[in-house]
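Single-structure report; data block below.
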Amino acid sequence: MTSRPSFAERLLAWYDESHRDLPWRRSRDPWAIWVSEVMLQQTRVEAVRESYARFLERFQQPADFACASDDELHAAWRGLGYYRRARLLRDGARAVVLLHGGNVPTDAEQLGELPGIGAYTRGAVGSIAFGLPLTAVDGNVERVAARHRALRTDIKKKPAQVQVRAIAEQWLDRARPGDFNQALMELGAMVCTPRSPRCGQCPVAGDCRARRLRIAAELPVRGERHAMTLVQARAVIVAVRGGVLAQRVPEGEPNAGQLELPSPGALCSVDLEDLPKLLHDRCGIHFAIGLPLATVRHAITHHRITLVAHAAEAMGRGSLQAHLPDDPEVPWTTLARKVFAKLNNTRPDFGA
DNA sequence: AACTCGGGGAG
DNA sequence: CTCCCAGAGTT
């Protein structure tokens, strides 16, 4: 009786035949791989495509990014979200400069000790850039493993995580670990998708338990999600020479360090009558509030924000500074940019 | 173990 | 609308 090709053999044959030609798959430079892996954390491939080449051109080596300013960092990361990832990547780049002479360490343990590099990124960079026999378990791998073995326990809980690790370890092709890890993720992204999996195209469908049980689309099992919190926020638009007044988002709040329109906070529900006092508390300035100019919606983590931006005049400036609304180098929050975009649509003279 | 961080595209 | 994505750090 001839045995079926191994899981890795079938997967790699499929990958060699049909994988996407993505920019980071054309490089074996550990810094380029690292950057791509961090950008891809919780972020779609198409969103990363746009930022990736530009980032690497601006920051060709860890040492280049290690000395980036906060505003440079923000400009390079704009549109990707999770800006903390970028700061951790910079921390990691600084550690590489300080501890390893500017070269990404080829040792798995040293790799894993760098800021921002957890188990997944260590496995991805180590296997892809250096050929180390490490697994790289991400959401795709969790899903493929849960389905192939019909794991019905909560995929994010410890027991399932341990099982998925063991399965990936067993599957891993130690001759081509980097290609294997990418192939597993490619399968999750293109075939074993969260909804409507394309089992007919799957190279390992033959021994997939979930498919045999016809429960592939129901796996993996996830726990209850955090309920959405509705927020009715308000902000003011104060047009001055040189742009509009902006405040820095304080540390400890989402988007810390970026610029927002003066407001009691993007996650703070506000009645119109309370707005002047709350603004004074936050900015130390008295504002005369005018009519609403724009209403925009935005979602951040588990908050659903409806922001009303009012025309206003400021009695003094305090610590607020004027910035140009449409300058891509200014670290406006996405929420603020949505307001500007709306104003440009409804009042075409606004940006000028 | 639970919670936090952004944003957008698919279904 | 809802869900999920090449996760990691903090508490």
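Nothing here was measured: the structure is a model prediction, and the numbers come from that model. Proteins get letters first, then strands, A, B, ... in listed order; numbering begins at 1 in each.
- Straight-line distance from the CG atom of A/Leu335 to the P atom of B/dG6: 13 Å, rounded to whole Å.
- Distances shown here put every side-chain N or O of A/Arg222 at or beyond 4.0 Å from the OP1 or OP2 atom of C/dC3.
- Using a 4.0 Å heavy-atom cutoff across all strands shown, A/Trp24 reaches at least one base atom of the nucleic acid.
- If you take CE of A/Met190 and C1' of B/dA10, they are 13 Å apart, rounded to a whole angstrom.
- Between the CG atom of A/Leu267 and the P atom of B/dG6 there is a distance of 10 Å, given to the nearest Å.
- Taking 4.0 angstrom as the limit, A/His298 places none of its side-chain polar atoms (N or O) nearer than this to OP1 or OP2 of B/dG6.
- One interatomic measurement links the two molecules: CD1 of A/Ile305 to P of B/dC5, which rounds to 10 Å at whole-angstrom precision.
- Dashed line: the shortest gap from a side-chain N or O of A/Asn181 to OP1 or OP2 of C/dA6 is not under 4.0 Å.
- Distance from the side chain of A/Pro254 is smallest for B/dG6 among the nucleotides C/dC4, C/dA6, B/dG6.
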- What's the verdict on side-chain hydrogen bond (donor to acceptor under 3.5 Å, both in side chains) for A/Asn255 and A/Thr333, showing C-alpha distance, side-chain angles and the deciding distance? CA-CA 7 Å; A/Asn255 292 321; A/Thr333 62; 5.4 Å; no

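- Nucleotides C/dA6 and B/dT4 have their P atoms positioned 23 Å apart, rounded to a whole Å.
- Counted within 6.0 Å of CD on A/Glu50, heavy atoms from surrounding residues, nucleotides or ligands total 12 or fewer; the atom is thus considered open.
- Of the candidate nucleotides B/dA1, B/dG6, C/dA6, C/dA6 has the atom nearest to the side chain of A/Asn140.
- The side chain of A/Thr121 contributes no N or O atom lying less than 4.0 Å from OP1 or OP2 of C/dG7.
- Hydrophobic clustering of Ile, Leu, Val, Met, Phe, Trp and Tyr side chains at less than 4.5 Å, counting indirect connections, unites A/Leu80 with A/Trp24.
- The side chain of A/Thr334 approaches B/dG7 more closely than any other nucleotide in the set C/dA8, B/dG6, B/dG7.
- The distance from atom OH of A/Tyr83 to atom C1' of B/dT4 is 17 Å, rounded to the nearest whole Å.
- For the C1' atoms, the distance linking C/dA8 with B/dG9 amounts to 24 Å, nearest Å.
- Among the nucleotides C/dG7, C/dC4, C/dC3, the one closest to any side-chain atom of A/Arg195 is C/dC3.
- The listed nucleotides are C/dG7, C/dA6, B/dT4; the one nearest the side chain of A/Ala189 is C/dA6.
- When the C1' atom of C/dG7 is taken as reference, atom CZ of A/Arg143 falls 15 Å away, rounded to whole Å.
- Between A/Arg84 and A/Arg44, it is A/Arg44 whose nearest contact on DNA chain C lies nearer the 5' terminus.
- Contact annotation: A/Arg304 side-chain N/O to C/dT2 OP1/OP2 distance is under 4.0 Å.
- Distances shorter than 4.0 Å separate none of the side-chain N or O atoms of A/Lys338 from OP1 or OP2 on B/dG7.
- Comparing A/Ser196 and A/Gly81 along DNA chain B, the residue whose closest nucleotide (by nearest heavy atom) sits nearer the 5' end is A/Gly81.
- Dashed line: the shortest gap from a side-chain N or O of A/Gln42 to OP1 or OP2 of C/dG7 is under 4.0 Å.
- Close to B/dC3, at under 4.0 Å from its OP1 or OP2, lies no side-chain N or O of A/His302.
- Using a 3.5 Å distance cut-off with no hydrogens or angles, the side chains of A/Arg25 and A/Gln182 do pair a donor with an acceptor.
- Separating the CZ atom of A/Arg198 from the C1' atom of B/dA10 is a distance of 11 Å, rounded to the nearest angstrom.
- Inspection of the A/Thr334 and A/Gln258 side chains reveals no N or O donor paired with an N or O acceptor under 3.5 Å.
- The six-membered or imidazole ring of A/Phe7 lies near that of A/His148, with a centre-to-centre distance under 6.0 Å.
- Contact annotation for A/Leu80: base contact, defined as any heavy-atom pair under 4.0 Å involving a base atom.
- The CZ atom of A/Arg87 sits 17 Å away from the P atom of B/dT4 (whole-angstrom rounding).
- Not one side-chain nitrogen or oxygen of A/Thr43 sits closer than 4.0 Å to the OP1 or OP2 atom of C/dC5.
- Closest contact between the side chain of A/Leu40 and the listed nucleotides B/dC5, C/dA6, B/dG11 involves C/dA6.
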- Between A/Ile300 and A/Leu335, is a side chain to side chain contact (heavy atoms under 4.5 Å, CB included) present by the stated rule, with each step listed? CA-CA 10 Å; A/Ile300 159 171; A/Leu335 180 57; over 6 Å; no

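- Residue contacts shown for A/Ala119 are limited to sugar-phosphate atoms, with no base heavy atom under 4.0 Å away.
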